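By convention in this document, chain letters (A, B, ...) are assigned in the order of the sequence lines, proteins followed by strands, and residues within each chain are numbered from 1. In this text the structure is predicted, and so the values were computed from the model without any measurement.
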Amino acid sequence: MNTKDENYKALNFIEAIIEDDLQEEKNEKRVHTRFPPEPNGYLHIGHAKSICLNFGLAKKYNGMCNLRFDDTNPTKEEEEFVDSIVEDVKWLGFDWEGRLFYASDYFDQLYKWAEKLIINGKAFVDDQSAEVIGDQRGTVTTPGTESPFYNRSVEENLNLFRRMKAGEFPDGSKVLRAKIDTTSPNMLLRDPVLYRILHASHHNTGDKWCIYPMYDFAHGQSDYIEGITHSICTLEFEVHRPLYDWFLDNLIETKYRPQQIEFARLNLSYTIMSKRKLMELVEGGFVNGWDDPRLPTISGLRRRGYTPESIRYFADKIGVARRDNMIDVALLEHSVKDDLNKKTLRVMAVLNPLRVVITNYPEGKVEEMELVNNPEDETMGSRKVPFTREIFIEKDDFMEDPPKKFFRLAPGAEVRLKGAYFIKCEEVVKDETTGEVIEVKCTYDPETKSGGPQSNRKVKGTLHWVSAQHGLKAEVRLYDRLFLDEDPLGHPDKDFQEFINPGSLKTVTGLIEPSLRNVKPFEKFQFIRLGYFCVDPDSKEDKLVFNRTVPLRDSWAKISGKGR
RNA sequence: UGUCCGAUGGUGUAACUGGCAACACGUCUGAUUUUGGUUCAGAAGAGUCCAGGUUCGAGCCCUGGUCGGACAACCA
């Protein structure tokens, strides 16, 4: 059986459909997909799943993938959003090869199709208000009823529709509706609205139109126009499929049809994916903009320090299916750590400094220690880090009265300073009033210098450190999950904002080794023993700013119970 | 009280025309380690929503339930 084959990779259900289609030589064996966002917000990791899917399928089957903006509602859409979407898709590493389209590119054709429907007696102009039409539509368990304007003549409908287009009527006074079936169990088939009057200027077509097609009247036809073979979308559009089919069947004679396939959208634990809710967080000032590193937006993840590779890897790992899912955010975090582990320079930074004075080390002496940049990759070389009599270590790396399994600095204990010497704690200096440890006096063993005769001696722990004299101050933003609840939207009785984690952002001033003096925004590092960090765009030469992408696995935190 | 869709370890996905339920994340052990990271070795954890049926044999097919989701915007 092939399942046992080394190279066998199970097909997801969409790939299975495509391979069947290919086998049957459907659409001359073309595979053409598209990613069709509405430019009314920023893209998030859920969109990334769709982008990776659509572009990934095209690549896998030597096909094409278009980027198309479904921009049929000028009151909600903005140029700013199309720009950010274009940037995000590009950043993720995908190329639409010049096929960037807009549903608004097809407004003329769509209009002609609407007239065709009228002429064929399949559409009519309705003068009723949205409210009345809604009431007439019935409910999911009771059928709707026909509009009193249902039987207007073709001539009257055509005349009215043309006058709608000419701008003779105010917003909301008339709509064009299809005549399908007001009693259909599928609500979307109960004489849906095709065109509405909107005296609004469009980001693309300006003031050319004052009537705009509904998404449903534009989407399927746009796919048809572009020659899309597999229209991949999320589950909630499943009920729209019969409607798209109805439009095409009533408008198009050829047998070619885009085939819609629905998959379950991504849900990620401890965050939210709803564009509207995300907008609330941004506009309510709960976060600092669409690219806040706590948000699951692509721009937020980018600023947080995620790489396109890690997101694509993640998209691949979560798979595609039709059942509801809630992906553990740990998988996303694993995806970046795995990527960054291979790529990033290891550097030393102390986030919560404790002064250490090495009493037997000559005052004023500076030694340049050679540190390996990445033990995973020797080709990344090494760098020099200055060592002096006074250094800083992490406060958590010292305990005056340590438990058994504490392998770090404590009175009388000896530890290794990464890339430097072994030091032994001889004395603890405390603040007289608070009793807080403010300094530790140590002695070092000159024989234990890295590479030296005694450097292979066994010690319990290795600490990172920064020279007090050379350390650079840096603002470090420590991010944690934005919500305390795994599924903030999963509580019908509670507002999701109640679950916002008040500690989702902690800003500290740390000290970093001097080799980081000239870093540029988006450069990524591993701060040894702490985590992966990324230079924030706010960072300036005289004020470095780092974002913590994700902490390293911390088994001590688990043992000591200090974990999340 | 409608129509459609779905249900496999804690999470996600797989098991091809029925043939010993697999992989990843997570969890736990141990080894290695100049990062309590990485890596390596191993373990625990589901008998596939329930009840019937077909079959030598059902996660997969059939019937009936249960539970979950989607659908009633001049939003997409």
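- Taking the P atoms as reference points, G10(B) lies 23 Å from G6(B), given to the whole Å.
- The partner of G12(B), taking Watson-Crick or G-U wobble pairs whose two distances both stay under 3.5 Å, is C23(B).
- A15(B) sits 16 Å from C49(B) when the P atoms are compared, rounded to a whole Å.
- E15(A) comes within 4.0 angstrom of no nucleic acid atom, judged by non-hydrogen atoms across all strands.
- Within 4.0 Å of A321(A), counting heavy atoms only, lie sugar-phosphate atoms of the nucleic acid but no base atom.
- Separating the CG atom of L189(A) from the P atom of A73(B) is a distance of 15 Å, rounded to the nearest angstrom.
- Atom P of nucleotide G36(B) and atom CG of D554(A) are separated by 9 Å, given to the nearest angstrom.
- Taking syn as a glycosidic angle within 90° of 0, G12(B) does not qualify and is anti.
- Taking side-chain N and O atoms only, R196(A) has a distance below 4.0 Å to OP1 or OP2 of C75(B).
- When the P atom is used for both C4(B) and U11(B), the distance is 29 Å, rounded to whole Å.
- Heavy atoms of V193(A) sit under 4.0 angstrom from primed sugar atoms or phosphate atoms, though from no base atom.
- The one candidate from R383(A), K384(A), K449(A), K418(A) that meets the salt bridge (Lys or Arg N to Asp or Glu O under 4.0 Å) condition with E370(A) is K384(A).
- Across all strands shown, K405(A) has heavy atoms under 4.0 Å from base atoms, whether or not it also approaches the sugar-phosphate.
- Contacts of R408(A) with the nucleic acid, taken as non-hydrogen atoms under 4.0 Å apart, include base atoms.
- Heavy-atom neighbours of E368(A) CD from other residues, nucleotides or ligands within 6.0 Å: above the threshold of 12.
- The side-chain heavy atoms of E394(A) and L530(A), taken from C-beta on, include a pair separated by under 4.5 Å.
- Mapping Q526(A) and E236(A) onto RNA chain B via the closest heavy atom, the residue that lands nearer the 5' end is Q526(A).
- Looking at heavy-atom distances under 4.0 Å, E376(A) makes contact with a base.
- Taking side-chain N and O atoms only, S269(A) has no distance below 4.0 Å to OP1 or OP2 of U11(B).
- For K418(A), counting side-chain heavy atoms from C-beta on, the closest listed nucleotide (A76(B), A72(B), U34(B)) is U34(B).
- If you check every strand for non-hydrogen atoms under 4.0 Å, F237(A) touches a base.
- Counting non-hydrogen atoms under 4.0 angstrom, D324(A) reaches the backbone sugars and phosphates but no base.
- In this structure, the ring of F149(A) has its center no less than 6.0 angstrom from the ring center of F124(A).
- Below the 3.5 angstrom threshold, one finds no donor paired with an acceptor across the side chain of T462(A) and the base of U35(B).
- Residues Y195(A) and F107(A) keep their aromatic ring centres 6.0 Å or farther apart.
- Aromatic rings of W556(A) and F406(A) (six-membered ring for Trp) have centroids within the 6.0 Å cut-off, being under it.
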Is there a side-chain hydrogen bond (donor to acceptor under 3.5 Å, both in side chains) between N374(A) and E376(A)? Walk through the geometry before answering.
CA-CA 5 Å; N374(A) 186 346; E376(A) 307 295 312; over 6 Å; no
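- Across A76(B) and A51(B), the matching P atoms stand 47 Å from one another, rounded to whole Å.
- Between U33(B), C74(B), C71(B), one nucleotide has an atom nearer to the side chain of L188(A) than all others, and that is C71(B).
- Within 4.0 Å (heavy atoms only), T141(A) reaches at least one base atom of the nucleic acid.
- Among the heavy atoms of the strands lying under 4.0 Å from R323(A) is at least one base atom, whether or not backbone atoms are also near.
- Between D191(A) and T182(A), the side chains place no donor N or O within less than 3.5 Å of an acceptor N or O (distance only, hydrogens not considered).
- Contacts of T75(A) with the nucleic acid, taken as non-hydrogen atoms under 4.0 Å apart, are absent.
- Picking from G2(B), G36(B), C74(B) the nucleotide with the shortest atom distance to the side chain of V175(A) gives C74(B).
- When the C1' atom is used for both A24(B) and C20(B), the distance is 22 Å, rounded to whole Å.
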Distances under 3.5 Å only, N/O to N/O: pair up the protein atoms with those of nucleotides 24-32 of chain B.
residue, atom, partner, partner atom, Å
U27(B), OP1, K558(A), NZ, 2.7

Determine, for nucleotides 42-50 of chain B in 5'-to-3' order, which nucleotides have protein heavy atoms under 4.0 Å from the base (write B), from only the sugar-phosphate (write S), or from neither (write -).
---------
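- Between I197(A) and N325(A), the residue whose closest nucleotide on RNA chain B is further toward the 5' end is N325(A).
- With 3.5 Å as the limit, one finds a donor-acceptor pair spanning the side chains of E80(A) and Y42(A).
- G37(B) is unpaired under the criterion used here, namely a Watson-Crick or G-U wobble arrangement in which both key atom distances are under 3.5 Å.
- Taking atom CZ on F124(A) and atom P on C74(B), their separation rounds to 12 Å, with Å as the unit.
- Nearest nucleotide to the F406(A) side chain, out of A73(B), A76(B), G36(B): G36(B).
- Checking A76(B), U34(B), C71(B) against the side-chain heavy atoms of R416(A) singles out U34(B) as nearest.
- Taking atom CD1 of I133(A) as the reference point, atom P of A72(B) lies 15 Å away to the nearest angstrom.
- Which of U3(B), C74(B), C71(B) sits closest to the side chain of P185(A) comes down to U3(B).
- A ring-centre distance under 6.0 Å is found for F546(A) and F527(A).
- Checking D216(A) against Y244(A) by side-chain atom types alone, a donor-acceptor pair falls below 3.5 Å.
- Among the protein residues, F217(A) comes within range of no part of the nucleic acid, since none of its heavy atoms lies under 4.0 Å from any strand.
- Between the P atom of A72(B) and the CG atom of D135(A) lies a distance of 15 Å, rounded to the nearest Å.
- Residue contacts shown for I528(A) include a base, since a base heavy atom lies under 4.0 Å away.
- Across A72(B), A76(B), U38(B), the shortest atom-to-atom separation from the side chain of M214(A) is found for A76(B).
- Separation of the C1' atoms belonging to U66(B) and A31(B) is 49 Å when rounded to the nearest angstrom.
- When heavy atoms are screened at a 4.0 angstrom cut-off, H240(A) is found touching base atoms of the nucleic acid.
- Counted by atom type alone, Y532(A) and Q526(A) present one or more donor-acceptor pairs between their side chains at under 3.5 Å.
- Between the NE2 atom of H202(A) and the C1' atom of A76(B) there is a distance of 13 Å, rounded to whole Å.
- Pairing for A51(B) goes to U63(B), judged as Watson-Crick or G-U wobble with the two contacts each under 3.5 Å.
- For the C1' atoms, the distance linking A44(B) with U27(B) amounts to 9 Å, nearest Å.
- Ring centers of Y215(A) and F237(A): under 6.0 Å apart, within the cut-off.
- Atom CH2 in W465(A) sits roughly 15 Å away from atom P in U35(B) (whole-Å rounding).
- Rounded to a whole angstrom, the distance from the P atom of U54(B) to that of G59(B) is 16 Å.
- Taking 4.5 Å as the limit, every side-chain heavy atom of E367(A) sits out of range of all side-chain heavy atoms of P386(A).
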